[in-house]
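Just so you know, these numbers come straight off a predicted model, no measurement behind them.
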Amino acid sequence: MTMTRRTLLAGGLALAASPSFGQTGDVDVVVVGAGAAGLAAAKALIAAGRRVVVLEARHRLGGRAYTETSLGAPWDAGAQFIHWGERNPWLGIAKELGVTTEEDPSGQPPLVFLDGRRLTDAERTRRRGAFGRVWASLTLAGEADRSFAEAVRDGPPELTGAAAAITRLSLGEDPQRVSLADYQGLWAGDDYIVPDGYGRLVERYGEGLPVRLGTPVTRLRLDGPGVVAETSAGDLRARAAIVTVSVGVLRAERIRFAPALPAETLAALDGLSMGAYTKVALALDRSRVGTLEASDLFEIGPDQAMTSFEFWPFGRDLCVATLGGDHARRLCEAGEREAVAFVTDRLAALVGERVRGAVTGGRLAGWWSDPCAEGSYSIVRPGALKSRYDLRRPVADRVWFAGEATAGGGAMTVGGATLEGRRAADEVSRKLSV
């Protein structure tokens with residue numbers, strides 16, 4: 001496990017530990033997962049007067065929204081941007097909680113390197129032109145549900161390279177595995193950032209909710225009335241369940257179902273996969289780094305691996321590297337030491353060997369190798385465009401799935417997951433009222 005785990009002990013955050021659930025009695029709804037979708041669902045259900053318990057495998061709230069602090073300065077190891085702020089509920093939530101947000105500034109274009117060599121001005125101009133042609137090619141591709149790679153298949157190398165940069169560094173996946181039609185349906189709008197950490201904001205939102213941390217659900221039984229959630233702390237009975245864990249966790253069958261999930265739900269899961277959007281943060285002694293020409297760098301490295309580097313986010317003594325696709329998967333599987341060494345090596349090649357002596361620590365946000373995530377966020381496979389919506393269908397009118405994977409145009413975002421948690425809570429409340 002590469003992610004740092006913290007046990008949050010703030011008053012009211014989690015239910016008191018007990019040897020079994022028999023002491024708490026049955027509830028109306030069990031929510032599985034305390035990420036944004038689970039927390040939003042719990043809040044909506046409680047507001048509707050329902051008895052709720054949230055079961056969370058991790059020892060913290062927030063899921064894939066997580067602000068890391070072990071390097072001495074906070075950085076968002078998971079979700080970072082409040083996307084499409086015009087309709088995203090998190091701007092309003094932040095305001096209610098007194099948390100500062102800022103519109104994401106449009107910075108200078110990054111310096112671009114190829115295997116450690118800085119591109120010439122002419123090469124950078126051609127590269128920018130390739131990105132423009134990629135967007136034109138994607139538009140001309142229409143609504144056909146095919147992959148990014150297929151849409152630019154007959155283009156020159158710089159066109160296919162630009163498509164790969166878009167999918168790997170926006171979605172965490174290689175272009176041959178990404179549905180173009182799904183990507184074109186994602187919502188657009190202004191992006192905002194949370195200087196103190198998006199993950200911290202999500203944690204604050206969940207304070208006071210009835211959450212049991214460190215309590216993974218191993219099986220959901222629907223072979224009798226209601227739902228029975230099996231955990232190491234015993235069984236919890238509920239009238240209905242909202243499952244908000246990632247598609248990766250469901251596909252890995254870390255939660256089993258009895259009876260097995262219906263064919264239409266399994267088909268929806270088969271149409272989805274998980275990207276490997278990955279971050280590696282280095283703590284740096286700024287005095288030893290010295291002056292840099294730019295704070296944002298991008299490299300197409302050995303074996304066409306693509307990595308972006310951001311120095312000094314929010315003025316902090318950090319460099320955060322971002323990468324995705326199969327190269328990111330290999331780094332996650334190799335572990336934190338190898339990932340930190342890779343980023344250090346590439347920075348030394350780009351800005352000089354002095355960087356090695358400036359590194360005082362490093363962390364890998366390896367969602368791909370995290371058993372509580374099994375990837376960064378959901379990707380629709382080419383040809384499986386309906387999968388997000390098909391996964392919304394309840395099972396036996398007792399189990400609802402909700403999260404970023406079912407969020408349609410809001411997919412792959414904390415905002416989308418939140419809206420989906422509320423949607424599922426509303427549907428469950430209506431069903432329980434019948």
Side-chain angles (χ1 to χ4, degrees), residues 2-3 64-68 71 73-83 104-114 131 161-175 178 191 193-194 197-199 274-284 292 294-314 316-334 336 338-351 355 359 361-370 373 375-377 379 412-414:
T2 56
M3 297 289 294
R64 287 165 281 163
Y66 175 47
T67 303
E68 234 278 357
L71 295 178
W75 60 284
D76 275 317
Q80 180 176 352
F81 296 100
I82 299 177
H83 292 295
D104 182 39
S106 55
Q108 294 295 318
L111 294 182
V112 182
F113 297 80
L114 176 63
F131 275 93
I166 291 169
T167 63
R168 289 172 184 165
L169 296 180
S170 296
L171 310 178
E173 188 53 280
D174 292 315
V178 178
D191 290 339
I193 51 179
V194 186
Y198 204 168
M274 292 292 283
Y277 193 80
T278 301
K279 297 180 184 180
V280 182
L282 301 182
L284 299 172
L292 297 172
S295 58
D296 292 305
L297 312 176
F298 174 82
E299 184 191 32
I300 305 168
D303 299 323
Q304 293 296 298
M306 297 177 179
T307 311
S308 70
F309 305 85
E310 180 187 6
F311 280 90
W312 326 133
F314 301 111
R316 295 162 185 152
D317 291 345
L318 300 171
C319 177
V320 179
T322 304
L323 55 158
D326 285 345
H327 174 62
R329 290 183 173 92
R330 290 191 291 270
L331 275 187
C332 289
E333 290 161 1
E336 184 168 83
E338 291 297 322
V340 170
F342 168 80
V343 171
T344 302
D345 287 344
R346 297 323 306 159
L347 281 180
L350 303 186
V351 303
V355 166
V359 176
R363 297 298 292 173
L364 166 66
W367 301 104
W368 179 255
S369 52
D370 180 348
S376 52
Y377 34 60
I379 304 294
M412 299 177 276
T413 69
V414 177

Whether the side chain of Thr344 engages the backbone of Phe342 through a donor-acceptor N/O pair (distance < 3.5 Å, no angle test) should be reported. no
Given 3.5 Å as the limit, does a donor-acceptor pair link the side chain of Glu173 with the main chain of Val178, or not? no
Gly366 backbone acceptor or donor facing Ser369 side chain under 3.5 Å: yes
Which atom of Leu171 lies closest to which atom of Tyr377, heavy atoms considered: O-CE1, 3.2 Å
Looking at every heavy atom in both Gly361 and Leu71, which two are closest together, and how far apart are they? C-CD2, 3.8 Å
I need the single residue from Leu282, Val343, Leu347 that forms a side chain to side chain contact (heavy atoms under 4.5 Å, CB included) with Val359. Which is it? Leu282
Thinking salt bridges, do Arg346 and Glu299 make one under a 4.0 Å N-O criterion? yes
Which residues share a side-chain hydrogen bond (donor to acceptor under 3.5 Å, both in side chains) with Asp326, sequence neighbours left out: Arg177, Arg329
Measure across Ile379 and Met274 and return the closest heavy-atom pair with its distance rounded to 0.1 Å. CG1-C, 4.3 Å
For the backbone of Pro74 and the side chain of Arg316, can you confirm whether one donor and one acceptor N or O come within less than 3.5 Å of each other? yes
Nearest heavy atoms of Val194 and Phe314, plus distance in Å: O-CZ, 4.2 Å
Is a donor on one side and an acceptor on the other found under 3.5 Å between the side chain of Arg168 and the backbone of Met306? no
Residue pair Leu111 / Asp296, side-chain heavy-atom distance below 4.5 Å: no
Passes side chain to side chain contact (heavy atoms under 4.5 Å, CB included), Leu284 versus Trp312? Steps please. CA-CA 9 Å; Leu284 299 172; Trp312 326 133; 4.0 Å; yes
Check whether Thr413 reaches the backbone of His83 with its side chain - one donor and one acceptor, N or O, closer than 3.5 Å. no
Decide yes or no on side chain to side chain contact (heavy atoms under 4.5 Å, CB included) for Leu292 and Val351, but give the supporting numbers first. CA-CA 8 Å; Leu292 297 172; Val351 303; 4.0 Å; yes
Could you go through Ile193 and Phe81, starting from their C-alpha distance and side-chain angles, then the distance that decides it, and tell me whether this counts as side chain to side chain contact (heavy atoms under 4.5 Å, CB included)? CA-CA 5 Å; Ile193 51 179; Phe81 296 100; 3.5 Å; yes
Kindly give the heavy-atom pair with the smallest separation between Arg64 and Gly375, and that separation in Å. CD-O, 3.9 Å
Sub-3.5 Å donor-acceptor pair from the side chain of Asp76 to the main-chain atoms of Gly199, do we have one? yes
Which atoms form the tightest heavy-atom contact between Trp368 and Cys332, and what is the distance? CB-SG, 3.9 Å
Output yes when a side-chain donor or acceptor of Lys279 lies under 3.5 Å from a complementary backbone atom of Leu364, and no otherwise. no
